[in-house]
Amino acid sequence: MLKVGIDTLSFYTSHYALDLARLAEVRGIDPNKYTIGLGQRNMGVPSPDEDIVTMAANAAQAAIRDIDTQSIEMLLFATESGIDQSKAAGIYVHDLLGLSEQCRVVELKQACYSATVALQLSLSFIRQHPDKKVLLIASDIARYGLNTPGESSQGCGAVAMVLSANPRMVAFDPEYGVVTENVMDFWRPNYADAAFVEGKYSSKLYLNMLEKTWHQYHTRTRRAFEDHDYYCYHMPVPRLVEKAHQHLTKINGSDKLSDHALHAQIGCSLEYGRQIGNSYTASLYVGLVSLFDLTTDDLSNKRIGFYSYGSGCVAEFFSGVVQPGYQKMLNTSQHQKLLAERTALTYPEYETFYSFKYAQDGSLCEIPTYRTGAFRLVAIRDHRRIYEKCT
Ligand code: CAA
């Protein structure tokens, strides 16, 4: 069977972050609640001149570096932080990157799940058109109300991947387990700029859907828990992922994993998320980037189990095998430089970024210049967003 999957992979996040110890101090909360209780250290905070488009363009620029862009005939943009009800955010990225005119662009939404449906649709497309490639971008800004329980699980990030036949990084297995249920655990009506969330309920659903999707996947593949060397999970907060992995162990009849075994199977995949916070639909794939960048193991021919969860809800369990030679495709130093060089925000600076409002009446809104990557949102004029390439 033709192998299909990830050929190149890159990640981007904002140049600013808030240390959760600072947030804890202002909120009068024990910082251990965030660092131990949730397992989270920092959250990425976008400056007003970064949005899902600029983050996506930065991630994608690196992902297409050695790709013949004429072969990219589809750009799928997965997000739940949409900037327009009609126009796909991916069209701005298509323009900023100078992609071929002969490329369809569309935006997909289903909370944190949409990048996974984009992946599955792309794999089917490539099986049918093995000479074509798909650029899949997941880009999100996780945003909750100030001083709400969700506040500490904000964050931002984008992952871009080129999907192809005979991929150089990960070949996906064709089987999956998938579940949809109409539940109200997290949602954002059109008039709200931050999500409504039933936090505890959402965490329970996350675990229930893991169980359901795993059983379906296991029935279809007969693969056991031990047949997967590593696991990557959608990561709203790292502690929930650790709990989920222990839960998966238990439902497979095994003893609770030791800290060592837990770290070996999921530890590296959690690290970037601890530093950037939730990035909604990008977060599962940020986990994969983190595993690739931080493990000292040779991942060649290792099977990874993936759990995708999008509130509302749709969940899916699937798997893939890392391809020998993947090391040549890593962008580790670029990712680590980006994280290491972020500016730590003070609490008042965080509130200023959080509260920045774009003009909504069509008047010219010039956006102050902050530190960004290669692209920035310059202004909104006549209700049109204007982006520029800055390097
Ligand atoms: N030291 C150490 N641990 C402490 C502590 C301290 N001083 N104080 C509290 N804790 C522990 C608590 O005991 C708790 O641990 P357990 O769950 O193991 O009992 C943990 O810290 C969290 O504390 P709370 O139970 O008080 O939780 P919270 O009210 O802060 O809510 C949350 C946590 C539900 C994740 C909240 O951040 C939230 O609502 N986030 C947004 C929704 C979310 O992320 N849901 C996850 C599933 S939904 C999904 O996956 C989609 C998505 O991306 C949104």
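Counting starts at 1 for both ligands and their atoms, in listed order. The figures that follow rest on heavy atoms only: side chains count, while hydrogens, waters and symmetry mates do not.
- For the side-chain hydrogen bond (donor to acceptor under 3.5 Å, both in side chains) test, no residue two or more places apart in sequence or in another chain qualifies with S122.
- For the pair E151 and L146, the minimum side-chain heavy-atom distance is below 4.5 Å.
- Ring planes of H129 and F125: tilted class, angle from 30 to 60°.
- Within a 6.0 Å sphere centred on CG of D255, heavy atoms belonging to other residues, nucleotides or ligands number 12 at most.
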For ligand 1, list every N/O pair with the protein closer than 3.5 Å, one pair per line with the distance.
| unit_1 | atom_1 | unit_2 | atom_2 | d |
| --- | --- | --- | --- | --- |
| ligand 1 | 7 (N) | D30 | OD2 | 2.9 |
| ligand 1 | 17 (O) | K243 | NZ | 2.6 |
| ligand 1 | 18 (O) | K243 | NZ | 3.0 |
| ligand 1 | 25 (O) | K200 | NZ | 3.3 |
| ligand 1 | 26 (O) | K33 | NZ | 3.3 |
| ligand 1 | 27 (O) | K200 | NZ | 3.3 |
| ligand 1 | 29 (O) | K200 | NZ | 3.2 |
| ligand 1 | 30 (O) | K33 | NZ | 2.7 |
| ligand 1 | 37 (O) | P149 | O | 3.1 |
| ligand 1 | 40 (N) | S153 | OG | 3.1 |
| ligand 1 | 45 (N) | S202 | OG | 2.8 |
| ligand 1 | 50 (O) | H234 | NE2 | 3.2 |
| ligand 1 | 53 (O) | H234 | NE2 | 2.7 |
| ligand 1 | 53 (O) | N278 | ND2 | 2.9 |

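- Residues that satisfy the salt bridge (charged side-chain N to carboxylate O under 4.0 Å, His left out) test with R239, not counting sequence neighbours, are E242.
- Considering only residues two or more places apart in sequence or on other chains, F306 meets the ring-ring contact (aromatic ring centres under 6.0 Å, His included) condition with F172, F318.
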